[in-house]
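Side-chain atoms are counted along with the backbone in the values below, which use heavy atoms only and exclude waters and symmetry mates.
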Protein chains: 2
Amino acid sequence: MERSKAQPYHHGQLREALLTSGRALLEEKGIRGFTLRECARRAGVSHAAPAYHFASIDDLLAELAARGFDELAAAMTAEADRSADKGAEDASTGRLMGQGVGYMAFAAGNPALFQLMFSREANRLDAPALAAAAEKVRALHAAAIEAVIPHASGEIKQRMADFAGASVHGFISLLLEGQIGGRDSSRALKARGLALLSAMAETVVRAGG
Amino acid sequence: MERSKAQPYHHGQLREALLTSGRALLEEKGIRGFTLRECARRAGVSHAAPAYHFASIDDLLAELAARGFDELAAAMTAEADRSADKGAEDASTGRLMGQGVGYMAFAAGNPALFQLMFSREANRLDAPALAAAAEKVRALHAAAIEAVIPHASGEIKQRMADFAGASVHGFISLLLEGQIGGRDSSRALKARGLALLSAMAETVVRAGG
DNA sequence: CCCTAATCTTGACGATGGAAAGAGGCGAAA
DNA sequence: TTTCGCCTCTTTCCATCGTCAAGATTAGGG
């Protein structure tokens, strides 16, 4: 009954295998090219096998998106910690920018998944786990802003959270969609991203004082 | 020429009709729910009729996206003009914010089309018309920034263009995806959007001087 | 040792995108 | 005017898709 690591019989870890193959497939073919059958094929099972683990293809996508949000939150926290450790003069501002770096890095590393997570389709699925995971990311944003401008009014904080979140999300989105820096090198793009984070942080700080 | 009862064998305006029904279908069903056959059905023709006008379903989507960019550019210019006419103290700053308002208004009015335009899928299609239309929107951004801070360095201008574009695009994207303002009223959301535009414009102005 | 229930396979259904072939109608050349 | 070519649309067909309904398989409790 209680198998901690889930050790079913025929395949073993079909659910995990489907999530793994599905994630790769998503990055390869994009949202429109994603098919459940190809997913099953890559996991080495028949086309109807996924039905037991996922009620529908949307269920699988929702789970992928939810895990993506978890991973995104982890990437943000990790990079924020790393930035804070560097011992900048202002730790909270460093964390804010670090979180932005983590956000962008995750998006750049998982462009199709990132798009799925923030897609209208994902929004349509009613998956509580997905909504909760997304909320966690938003909470990280709010907390980072709170740390930088703790004495500002609630309205200012909200507006700066809007602002910071929008800048970072918008920049990396436009970049991934090819709307920014067509022929620029990866190094140049990183510089542009960092410059954007600086301007964002400066605006937040100013609004708080 | 108009036979309302008996459909003529030759539709006459099938291409336009498909684009119209396709656009409505896109907003209704989303990118994943979009089908060529339903498109044809709504235009009153057989499922293979679109083949002559569009080489593939991606061709149709590319055309929809390209026209979306044209419309977006028009919305931006129109709203910028309207803002400038209001006689603000600084006309160029007013235009910049007005363009942002036009951008957001178009996105809010055509959420699915907007997402298609900025989707990885659209990016995959090699449609020169699409790329050109997107470039026109980017040029509008750059021009608005140029007008506000004409004496700044090229690098500053680029970074502020990044910043302005990212803020506006990110905010409206997150809003449409339900990541911002879950229970807020439409009025409150507009206020948040305007506040964001103010903060954005202020940052640009400060960076230029 | 066997029996139940969870897991996976096979097969089927309607729907999709696209190709192929045929039918219908417009307009230019005779 | 008549004829013929070409563009447009329909019909038919195919491989694939998601999902459902059965049947097969096997793990593990009784």
> If the sugar-phosphate is the primed atoms plus P, OP1 and OP2 and the base is the rest, what is the B/S/- string for nucleotides 11-18 of chain D, using protein heavy atoms under 4.0 Å?
Replying inline: BBB---BB
> Can you tell me how far P of C:dT16 sits from CG of B:Leu25, to the nearest Å?
Replying inline: 10 Å
>> How many whole angstroms separate atom CZ of B:Phe54 from atom P of D:dC9?
In response: 11 Å
> Can you list the residues that meet the side-chain contact (heavy atoms from CB on, under 4.5 Å) rule with A:Ser186, with sequence neighbours excluded?
Replying inline: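 A:Lys190.
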>> Filter on salt bridge (Lys or Arg N to Asp or Glu O under 4.0 Å), then keep only pairs touching residues 91-118 of chain A, sequence neighbours left out; what's left?
In response: A:Asp81-A:Arg95
>> Going by the rule side-chain hydrogen bond (donor to acceptor under 3.5 Å, both in side chains), which residues pair with B:Ser92 if we only count those two or more places apart in sequence or in a different chain?
In response: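 B:Asp90.
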>> Which residues pass the side-chain hydrogen bond (donor to acceptor under 3.5 Å, both in side chains) test with B:Asp70, not counting sequence neighbours?
In response: B:Lys136
Pairs of donor and acceptor atoms involving the side chains of residues 96-104 of chain B, under 3.5 Å and at least two apart or interchain, shall be tabulated with distances.
{"residue": "B:Tyr103", "atom": "OH", "partner": "B:His169", "partner atom": "ND1", "Å": "2.9"}

